[in-house]
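To keep things clear, I will list the structure first and then write my remarks on it.
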Amino acid sequence: MHSLRQLDFSSESAVCGAYFLMELVFVCPEYGEVFSQNTWSIEERLLVEETERGGRIVRGLVRVHCPLCGKVHRYTPDAVLCPAIWRPEC
């Protein structure tokens, strides 16, 4: 059961009055290829739910324009790859 506490993050949110630009990594559903992008947006809001065991689940949608196929894709947070472990081929 997930509902101990919900923290609301909207696309209009800022931390200490500053907005941060972060590159995220995605997989194009059309081509199955990986791409990174720093011009993504949050659709409506992201919710962080704390579980009874103290874990966290992020719910919402991230919207990004794909440079590979030219379409706009929407991803759940768990489908976005961690940029710290993703390494492009040299």
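Only heavy atoms go into these numbers, but all of them, side chains included; no hydrogens, no water, no symmetry mates. Quick caveat, the model's predicted, so the values are computed rather than measured.
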Checklist entry - Partners of Phe26 by ring pair (Phe, Tyr, Trp, His ring centres under 6.0 Å), sequence neighbours excluded? => result Phe35, Tyr75
Restricting to non-hydrogen atoms, name the atom on [X] and the atom on [Y] that form the minimum distance, rounded to 0.1 Å.
{"X": "Cys28", "Y": "Cys66", "result": "SG-SG, 3.7 Å"}
{"X": "Val34", "Y": "Leu68", "result": "O-CD1, 4.4 Å"}
{"X": "Val64", "Y": "Thr39", "result": "CG2-O, 4.3 Å"}

Next on the checklist: Do Leu61 and Thr76 have side chains that approach each other closer than 4.5 Å (heavy atoms only, starting at C-beta)?
Outcome noted: yes
Item to check | side-chain hydrogen bond (donor to acceptor under 3.5 Å, both in side chains) partners of residues 24-33, not counting sequence neighbours, each pair once | outcome: Glu30-Lys71
Checklist entry - Hey, what do you get for CD (Glu49) to CZ (Arg56), rounding to the nearest 0.5 Å? => result 12.5 Å
Checklist outcome for this item: The side-chain hydrogen bond (donor to acceptor under 3.5 Å, both in side chains) partners of Arg63 (sequence neighbours excluded) come to none
Checklist entry - Would you say the side-chain atoms of His65 pair up with the backbone N or O of Gly70, donor to acceptor, closer than 3.5 Å? => result yes
